[in-house]
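What follows is one structure encoded as structure tokens, with my remarks underneath.
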Amino acid sequence: MSSVAIPESLSAKFRDTFAFKTISERLPVILTKAIDTTSRQIKHLVDSGIVGTDHRSEAEQEMKDSIGRLAKLRNEMQTDKPFIDIVSDAPDVKIYNQCLEDYKKQFGSEPKWFECEWLYAECYMYRRVREAFEVTKFVNSFDPFNESKEHALKSSIKACEVLAKFITTISSEDNMDIKSLFIRFIEVSLWGNKCDLSLSAGADANNFTNPTDDLVDLRQYIVANQIDELWQYVKRTSAKHSFQLSIVLDNSGFELFTDLILAEFLSVSGLLKDQSVIRWYVKSIPWFVSDVMTKDFHWLLDYLADDSKSHSNQIKQLAKKWKNNLETKKWLIIDDYFWTLPYDFSHMNVVSPNLYQSLNESDLILFKGDLNYRKLAGDLNWDYSVPFKTALRGFLPTTICTLRTIKADVVVGIEDKQMLQRIKTFAKDWREIGEYAVIQMAQK
Ligand code: F6P
Ligand code: MG
């Protein structure tokens, strides 16, 4: 690791930044939407199977209490109140509360929204959202973002059909141009990350009309692109032994579908062998609005495989095949609470050594999305030209690759001088809008 000085953390204390805009404007909107969804769902608890008729009134009261907790959280944030302990027996809560103690020891007072690290504040908010329901008896499993996650898939079904047709057609062809298809499907999964719901505060984020044709035009927006190195690495490694892949997922809905399509391509192309296993890492609590939890993964497959729905047969066949991959354990869905701690990934080998070890068993980890990137690079105020591997500060359980559309300030690994010049001509908010992207890797 090079001895580059570690820069300051991004924080809402810097007023002219996206961190400030997020905590002052965007997160209160997300909480308001969570409150609205929760209150709308109060009358549907029985129909949606969350509670039986016997406990309807207790559950309705609990939902109202949860709304009260969410409103209190929003008020604490907007008035910059100090963080408080989370009250629950869940194993990650000890760690959250310990972080608060450590902060007090280090800085002499509790963390506050507009003072502490942005990453800490944003993770803490989503952990408090979970607490709002976790402390109840009957609505414990309620996910206030569930409705928007399901909607995100349903509203992008046409784009999913295009992709399903494409992969089904090429799977039946004898002479696949594996390299160019590899690039194509990596790009599909990359741009699928444009569709996260925290950026749009829950509004539709499906911009693709034709997800396979639009990609070439989009290449100019990839400001650091190591796809050739990625291809060389995958080709070389898969020629040696059965490739083991981990994918640290980001968002549900269309993005997850693009990740599944990528996995399908890797298997039909022979890059993944019959003995290859894919480990899909998901979140254990509702997270950054649209992140995939185990239930979201299953819901998506069940929905797509449902013969009574009007989407294409190709989608249904793929979804059935993917369900089978889970049944036969070719695919494993793994949730680990490390992913929803406020730590960046440089802490993983100390905080969650078992997770670090298990990631080490893969040949490659694909990290999807913006938040994973922030956690890879520590959400620090790096210079753009700092090498990606340096920004990882020692985190390298195995070879890693990040597929991220840029929706937050931290960007590293732009070593090309011309690109550094070009960036100077971009609009001021170029790192906030999800229009630019990176494909970066660090080899073990
Ligand atoms: O818009 C910014 C943001 O909410 C960030 O806080 C976060 O890093 C990102 O969006 C979530 O995006 P993704 O789903 O790609 O991780
Ligand atoms: Mg996300």
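Residue indices begin at 1 and follow the sequence shown. Since the model is a prediction, treat every value here as computed from it, not as a measurement. Quick note: numbers below take in every heavy atom, side chains included, and nothing from hydrogens, waters or symmetry partners. We count ligands from 1, going down the list as the structure has it; atoms in each ligand are counted the same way.
Distances from the Mg ion (ligand 2) show that S290 has no N/O/S atom below 2.8 Å. Because the distance cut-off is set at 2.8 Å, D291 qualifies as a neighbour of the Mg ion (ligand 2) through one of its N, O or S atoms.
The proximity of E432 to ligand 1, defined as any non-hydrogen pair under 4.0 Å, does not occur for either the backbone or the side chain. Contact annotation: for L371 versus ligand 1, heavy atoms closer than 4.0 Å belong to both the backbone and the side chain.
Between the side chain of D296 and the backbone N or O of M293 there is at least one donor-acceptor pair closer than 3.5 Å.
Ring geometry, W331 versus F297: the interplanar angle exceeds 60°, so the pair is classed perpendicular (tilted spans 30 to 60°). Between Y124 and F83, the ring planes are parallel. Angles under 30° get that label, and only those over 60° would be called perpendicular. Note on ring orientation: taking the six-membered ring where Trp is involved, the planes of F395 and F345 are tilted (angle from 30° to 60°). Ring pair F388/Y373 is parallel by interplanar angle, where below 30° counts as parallel and above 60° as perpendicular.
At a 3.5 angstrom cut-off on N or O pairs, R374 counts as close to ligand 1. Ligand 1 has no nitrogen or oxygen under 3.5 angstrom from a nitrogen or oxygen of G369. Considering both main-chain and side-chain atoms, T22 never comes within under 3.5 Å of ligand 1 through any nitrogen or oxygen pair. Between S290 and ligand 1, no pair of N/O atoms sits closer than 3.5 Å. In terms of polar-atom proximity, defined here as any N/O pair under 3.5 Å, W118 makes no such contact with ligand 1.
Nearest to atom 14 (O) of ligand 1 by heavy atom, out of I30, D250, L249, is D250.
The number of heavy atoms from other shown groups lying within 6.0 Å of NZ (K320) is above 12.
Here the rule is ring pair (Phe, Tyr, Trp, His ring centres under 6.0 Å) with F185, and of F166, W191, W231 only F166 fits it.
Atoms of ligand 1 found under 4.0 Å from any heavy atom of R26 (numbered from 1 in listed order, with element): 1 (O), 2 (C), 3 (C), 4 (O). Near N193, with a cut-off below 4.0 Å to any heavy atom, the atoms of ligand 1 are 15 (O). In the vicinity of D370, heavy-atom distances shorter than 4.0 Å reach the ligand 1 atoms 7 (C), 8 (O), 9 (C), 12 (O), 13 (P), 15 (O), 16 (O).
R374 forms a cation-pi arrangement with W118, by the criterion of a distance under 6.0 Å to the ring centre and an angle within 45° of the ring axis.
Listed here is the closest heavy atom pair of I30 and F145: CG2-CE2, 4.1 Å.
Nearest to the Mg ion (ligand 2), among the N, O or S atoms that D250 has, is OD1.
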